[in-house]
> 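Here it is: the structure, laid out below.
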Amino acid sequence: MQFYAHSGHRDDRTDWQTLPDHLAAVERLARARAAPLGLSEAAGIAGRLHDLGKYDPAFDRVLRGENLHVDHSTAGGRALLDSVPAGLRPVAEVLAYAILGHHAGLPDKVSEDSSCLERRIASAPHNLAPEWERHFPIDLAAAGTELRAHVRADPHKAPFDLSVAVRMIFSCLVDADFRDTETFYDQLEGRARSREWPTLQDCLPDLRQKFAAHMAGFERSTEVNRLRAEILAHVTVQAAMPPGLFTLSVPTGGGKTLASLGFALDHAALHGHRRIVYAIPYTSIIDQTAKVFRDLLGPDIVLEHHSAIETRDGGEAGRIKSHLVMEDWAAPVVVTTNVQLFESLFAARPSRCRKLHNLAGAVIVLDEAQCLPRPMLLPTLAMIDTLATHYGCTVVLCTATQPAFDSSQLRHGGLPLSGRELAPDPQELARKLKRVNIVRASTMDDTALISAMRGAPQSFVIVNSRRHALALYRAAVEEGIQNVVHLSTRQYPAHRRRIIETIKGRLTQSLPCRLISTSLIEAGVDLDFPRGWRAETGLDSVIQAAGRVNREGKRPLSASTLTVFSAPENSPPPEVARLAEAMRATANKYDDLFDVDAIRDWFNEVYWRATPQRLGQGMTKSLIFDGAETGFPFRKLASDYRLIDSPMVPVIIPLGKAVAEVARLTVAEVPSGTIARAVQPYTVQIPSAAREILRRNGKGSFHAEDLRGDQFFVLDELSLYQEDFGLWWEQAEYLSADQGII
């Protein structure tokens with residue numbers, strides 16, 4: 001009897017994909033993806049066995065269109081575990097996690113849920129036709145040799161190491177399965193994939209030449225620009241150092257972004273890295289950094305990818321349609337966010353894990369690394385350490401202040417960073433690049449802030465929430481304050497970009513500009529105000545905010561101030577409140593918050609004195625490997641590892657170029673990934689509960705739901721999006737188009 005993996009159009013099945021062909025293709029593709037990782041044997045076995053359950057004769061009825069559920073993802077794992085030789089059970093379990101998870105996601109080893117590995121294996125039916133045996137025997141010993149090379153002898157690190165190996169094998173398997181399925185249906189339906197990327201190594205000569213030409217055009221008449229040039233020259237010289245972990249400690253305004261890119265290009269050229277991944281702490285500024293890189297390196301080189309549009313995991317029908325193709329990060333240069341990068345590395349869903357194998361051999365630059373959230377710090381650092389140790393990654397931790405993650409300071413999970421600083425004398429740089437004074441004020445309510453802005457024609461106020469920013473903006477407008485601008489993530493990225501360019505233009509022309517913003521301008525936004533106010537937060541954020549004052553050093557230090565105030569009527573989130581408390585404690589000891597000793601004191605309060613439990617140690621301790629068997633709670637980890645406490649979901653604003661992209665949602669031939677990339681600059685992230693209120697009240701809807709599922713939620717009532725402040729979703733249950741917003 002012939003068995004099939006995917007159905008075609010013809011009744012005689014001459015255009016159907018046979019199961020042996022699919023398994024062989026996925027094995028080959030998985031091996032190729034895993035070869036740079038040193039895991040080709042393990043990934044190949046997973047590919048060969050992943051769809052073994054399709055040898056169940058009942059699956060043929062599914063392909064004929066019957067409404068019947070057949071679990072075809074468990075059989076391969078069960079066959080492995082039933083036949084595992086003595087001493088190789090951990091190897092079989094590693095592969096079983098990947099095989100069982102290739103549709104529904106990586107399972108927990110043991111849980112109360114019927115989807116855990118042990119329960120699925122125990123309840124798997126014995127319905128396979130004997131043809132499945134043609135795919136055995138297999139060489140688990142070779143896979144075991146590979147896995148041992150990816151696990152350190154240290155019993156504290158071995159479980160985490162092995163869990164990451166599972167993730168990498170899973171990534172290779174899922175990507176191989178998707179690619180072969182996509183290729184089959186592309187050929188069947190006469191479609192071509194939307195994009196192929198060049199390799200970084202092929203591009204590097206041209207990219208380095210473009211970078212050198214760009215930097216040669218920089219004007220160096222000011223002291224700040226001369227310092228930036230010196231920093232770049234020093235950093236790029238260090239590119240010859242062996243791959244691994246690095247720090248780049250340069251004060252705000254010192255040119256970290258371009259210096260780190262220059263290092264990455266040279267380092268990759270010298271050591272053969274496969275791509276450059278640039279991770280940014282905030283979705284709000286990714287579009288700006290991506291634009292800088294695209295303008296410098298070329299639009300066909302840089303992929304911008306964050307969580308603004310996430311493809312969903314569908315069932316069998318969804319997986320086999322090429323319009324659900326997802327990004328695999330095969331681009332030479334990827335610009336993403338910490339949320340997308342690290343939540344993917346700890347994810348269980350196939351769609352998020354598909355790209356992980358492409359991180360191997362990458363130069364990963366973590367911009368503003370001090371923004372990594374404290375509750376997830378230890379598992380995050382463990383992942384960074386594992387990527388550098390076993391997967392050929394170079395990781396650069398960029399900070400405006402000296403890093404807090406060195407193992408000599410963070411003793412219960414820090415990184416070996418001694419002697420790996422790329423910047424020239426960070427303490428001296430901090431002294432030379434000081435261009436602003438930080439002063440402390442007591443309580444300032446909105447009335448006081450408005451009064452202060454009235455007397456400061458060019459100034460900014462940064463607060464801790466979108467709600468406070470909007471309320472303050474409205475109050476300022478009502479009080480007759482002129483030239484006031486609102487900036488927050490209520491606005492879609494392309495809109496924010498226009499606003500920022502307007503702000504820059506007004507500042508350059510010495511025109512009045514009073515900005516009210518959330519923290520989104522604190523990292524990577526190149527603005528230069530004479531003075532500003534910042535609601536209390538952590539010292540690292542205060543220093544970032546100060547970087548928007550006298551950024552170019554063209555004003556006297558005495559005339560450049562950032563005032564830090566408390567806003568008790570708009571209390572910050574609990575985590576920010578704790579950071580602000582530590583900042584106040586440090587400020588009571590030191591007159592100058594830029595002082596290196598003051599920064600060290602604050603890090604001591606926030607990180608070094610914190611218990612391991614408060615830094616996320618429980619997540620790493622939940623991984624078990626004793627040499628005889630594993631105990632990995634992949635789904636629980638994915639649920640617990642959240643860099644953003646509240647789940648945020650995208651709303652597409654159908655304005656500008658997004659109008660045409662939304663119209664293309666009904667065209668089946670256009671891949672979802674293509675549209676998702678195009679509409680990213682026109683999305684606003686809001687709480688999931690708020691989006692559901694919009695949907696229930698007819699303010700927005702999932703467009704082309706029959707074709708795209710619940711991937712593209714579009715704002716249907718455009719009156720809820722205002723030019724001056726963006727999307728107002730609050731109270732959407734009773735707002736209608738004729739009621740207005742203000």
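Here the structure is a predicted model, which is why all the values come from computation and not from measurement.
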> Whether the S111 and D113 side chains hold a donor-acceptor pair (N or O, under 3.5 Å, no angle test) is what I'd like checked.
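Checked: S111/D113 side chains show no N/O donor-acceptor pair below 3.5 Å.
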> Within the 3.5 Å criterion, strictly below it, is a donor on S622 or K636 matched to an acceptor on the partner's side chain?
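Checked: S622/K636 side chains show no N/O donor-acceptor pair below 3.5 Å.
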> Quick one: are V166 and F634 in side-chain contact, heavy atoms under 4.5 Å?
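Touching, per the 4.5 Å side-chain cut-off.
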> Tell me whether E182 is salt-bridged to R354, with the criterion being a basic N under 4.0 Å from an acidic carboxylate O.
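A salt bridge is present here (some side-chain N lies under 4.0 Å from a carboxylate O).
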> So, taking the atom named CG in L95 and the one named CD in E93, what distance separates them when rounded to the nearest 0.5 Å?
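Interatomic distance, L95 CG to E93 CD, rounded to 0.5 Å: 10.5 Å.
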> Between the side chains of D161 and H390, is a donor N or O closer than 3.5 angstrom to an acceptor N or O?
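Yes, side-chain donor-acceptor contact under 3.5 Å.
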> Would you mind reporting whether D640 and F346 have side-chain heavy atoms less than 4.5 Å apart?
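Of all side-chain heavy-atom pairs linking D640 with F346, none is under 4.5 Å.
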> With a 4.5 Å heavy-atom cut-off, do Y55 and R134 have their side chains touching?
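SC-SC contact between Y55 and R134 confirmed.
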> For F184 and H22, run ring pair (Phe, Tyr, Trp, His ring centres under 6.0 Å): C-alpha distance rounded to whole Å, both residues' side-chain angles, the deciding distance at 0.1 Å, then the answer.
CA-CA 9 Å; F184 171 72; H22 177 60; 8.8 Å; no
> Given side chains that start at C-beta, do those of H103 and H50 come closer than 4.5 Å, heavy atoms only?
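They are not in contact (no side-chain heavy atoms under 4.5 Å apart), so the answer is no.
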> Using 4.0 Å as the upper bound for N to carboxylate O, is an ion pair formed by R664 and E661?
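Yes, E661 and R664 are salt-bridged.
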> Just checking E112: does its CD atom have more than 12 heavy atoms from other residues, nucleotides or ligands closer to it than 6.0 angstrom?
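Atom CD in E112 is not crowded, with 12 or fewer foreign heavy atoms closer than 6.0 Å.
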> Answer with yes or no whether the side chains of Q187 and T183 bring together a donor and an acceptor at under 3.5 Å.
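On atom types as modelled, these side chains do not qualify, holding no pair under 3.5 Å.
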> Between D11 and R64, does at least one N-O distance fall below 4.0 Å, as a salt bridge requires?
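Answer for the salt bridge query: no.
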> Assess the side chains of D51 and H102: does a donor N or O sit below 3.5 Å from an acceptor N or O?
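The criterion, which ignores hydrogens and geometry beyond distance, is satisfied for H102 and D51.
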> Do the side-chain N and O atoms of Y97 and T630 include a donor-acceptor pair separated by under 3.5 angstrom?
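Y97 vs T630: donor-acceptor pair found between side chains.
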> Does the side chain of I364 reach to within under 4.5 Å of the side chain of L341, using non-hydrogen atoms?
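They are in side-chain contact.
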> With a 4.0 Å cut-off, would you call D108 and R635 a salt bridge?
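No salt bridge links D108 with R635.
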> Going by an N to O cut-off under 4.0 Å, is there a salt bridge joining E304 and R677?
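Looking at E304 and R677, the cut-off is not met.
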> Can you check whether V333 reaches Y278 side chain to side chain, under 4.5 Å on heavy atoms?
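No, their side chains stay 4.5 Å or more apart.
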> Thinking salt bridges, do R28 and D180 make one under a 4.0 Å N-O criterion?
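No, R28 and D180 are not salt-bridged.
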> So, using side chain to side chain donor-acceptor pair (under 3.5 Å) as the criterion, who are the partners of Y391 when residues are at least two apart?
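Result, side chain to side chain donor-acceptor pair (under 3.5 Å) vs Y391: none returned.
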> Within the supplied structure, the quantity of interest is the number of heavy atoms (other residues, nucleotides, ligands) at a distance under 6.0 Å from K109 NZ; does it exceed 12?
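Counting other residues, nucleotides and ligands, NZ of K109 exceeds 12 neighbours.
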> Given side chains that start at C-beta, do those of D56 and H72 come closer than 4.5 Å, heavy atoms only?
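Not touching, per the 4.5 Å side-chain cut-off.
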> Kindly say whether H135 contributes a backbone atom to a donor-acceptor pair with the side chain of R48 at under 3.5 angstrom?
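Answer holds: yes.
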> Would you say that V302 contacts V334 through its side chain, given a criterion of any heavy-atom pair below 4.5 Å between the two side chains?
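No, too far: nothing below the 4.5 Å cut-off.
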